[in-house]
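Scroll down for the structure; my scribbles are underneath it.
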Amino acid sequence: MPRRPPGAPAPRPLFHRSVTGPAWRGPGFALAAGAPPGETRLSRSARLLDLLQALRRRRRPVTAAVLAGELGVSPRTLYRDVATLVAQGAPIEGEAGIGYVLRRGFFLPPLAFTADEVDALILGLRLVARRGDAELEAAARDALAKIEAVLPPEAAEAAEASGLLAGPVTTPGTPTPHLATIRRALAAEARLRLCYRDKAGAATERVVWPVAVGFFEATEVLVAWCETRGDFRHFRLDRIASAEPAGGRAPRRRRVLLADWRASQRIEGS
């Protein structure tokens with residue numbers, strides 16, 4: 001390791017341990033200025049970041065009472081924290097008694113990973129590496145390596161020795177070589193032409209607008225709007241004989257289709 005020249009300031013650590021819980025926090029907003037008596041600068045900084053995170057994972061307004069309960073503070077403290085964030089430029093909309101929402105498009109770097117969050121990331125990426133197509137599997141392994149590389153040494157060692165393992169797929173089935181094609185169509189909101197075989201083996205050709213892919217224990221299922229049926233249909237990926245671009249974009253945005261499909265299935269969106 002190279003020596004620091006005499007008189008040079010010590011390098012600022014990339015992460016530090018939060019005094020309020022097992023979270024790894026990095027440099028970012030100076031959120032602790034003016035902390036009230038009885039609160040350390042670091043503890044209030046951690047709480048304000050937690051408040052931003054609580055707002056960021058919601059798309060609809062949430063009341064101060066719900067946020068205060070989630071963060072373990074009083075409504076009065078919550079109102080004060082919201083005012084502090086707004087004063088520092090966070091685009092929080094709403095007011096007391098109605099609810100608050102963080103305007104979309106606001107970027108907050110991932111400054112905190114709790115021990116549980118690290119476990120969730122590692123397990124999720126390991127599962128993806130077992131179930132995705134070749135490109136998705138490689139991306140999952142690369143993402144896992146990047147996460148472990150930026151963790152502090154002790155956290156990286158704990159992540160590497162994590163006891164949460166993803167076992168092999170236990171249900172034998174047909175490989176799904178068309179997952180990469182379907183993922184590209186989802187991203188481009190493009191129409192797809194499928195050759196699909198039903199349970200009896202009869203083949204039909206469908207032109208569909210891909211909406212989502214569901215991963216289940218036994219198989220993967222494509223949710224799509226079928227031009228032939230004029231309605232949403234579900235296609236098992238192991239029964240898709242071929243999948244190729246049908247040309248052109250889907251006439252409706254995928255986000256709208258996803259909302260309509262959720263409504264038809266009585267599934268509440270986040």
Side-chain angles (χ1 to χ4, degrees), residues 4 8-125 143-144 146-156 158-159 255 258-259 268-270:
R4 189 169 73 250
R12 186 178 182 183
L14 179 60
F15 295 87
H16 60 260
R17 174 70 86 172
S18 166
V19 299
T20 59
W24 298 100
R25 304 190 182 275
F29 299 100
L31 295 178
E39 291 185 349
T40 66
R41 290 172 57 87
L42 181 57
S43 66
R44 189 166 191 238
S45 175
R47 192 180 71 235
L48 292 173
L49 288 170
D50 290 341
L51 174 55
L52 276 174
Q53 178 65 17
L55 289 168
R56 184 170 61 169
R57 64 172 171 262
R58 291 177 167 91
R59 295 183 180 179
R60 298 180 178 85
V62 57
T63 64
V66 171
L67 289 170
E70 181 176 321
L71 299 175
V73 299
S74 68
R76 182 178 179 181
T77 297
L78 193 284
Y79 293 141
R80 185 176 62 237
D81 288 349
V82 169
T84 298
L85 291 173
V86 170
Q88 296 197 14
I92 300 173
E93 299 175 346
E95 58 185 79
I98 297 178
Y100 298 99
V101 64
L102 185 65
R103 191 166 64 242
R104 299 188 68 176
F106 176 67
F107 174 74
L108 175 65
L111 301 177
F113 283 134
T114 67
D116 288 341
E117 289 168 345
V118 171
D119 279 347
L121 286 169
I122 291 174
L123 179 59
L125 289 169
L144 183 57
K146 289 177 181 178
I147 290 172
E148 292 177 342
V150 299
L151 289 174
E154 59 268 37
R255 179 179 298 175
L258 181 60
E268 294 185 1
S270 58

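In this text, all values refer to a predicted model and were calculated from it rather than measured experimentally.
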Lys146 side, atom NZ; Leu125 side, atom CG - distance, nearest 0.5 Å: 11.5 Å

Side-chain contact test, heavy atoms from C-beta onward, threshold under 4.5 Å: evaluate it for Leu67 versus Arg58 and give yes or no. yes

Could you check if a side-chain atom of Val101 sits within less than 4.5 angstrom of a side-chain atom of Ile92, using non-hydrogen atoms only? no

Return the CD to CD distance between Gln53 and Glu70, rounded to the nearest 0.5 Å. 9.5 Å

Within-4.5 Å side-chain heavy-atom neighbours: Thr77 and Arg47: yes

Considering only heavy atoms from C-beta outward, does the side chain of Pro61 approach that of Ile98 to under 4.5 Å? no

Contact check, side chains of Val118 and Leu121, non-hydrogen atoms, under 4.5 Å: no

side-chain contact (heavy atoms from CB on, under 4.5 Å) with Leu51: of Val73, Thr84, Leu85, only one passes, and it is Leu85

Output for pair (Glu93 CD, Leu55 CG), nearest 0.5 Å, gives 11.5 Å

Which atom of Leu78 lies closest to which atom of Ala64, heavy atoms considered: CD1-CB, 3.7 Å

Thr63 side, atom OG1; Tyr100 side, atom OH - distance, nearest 0.5 Å: 10.0 Å

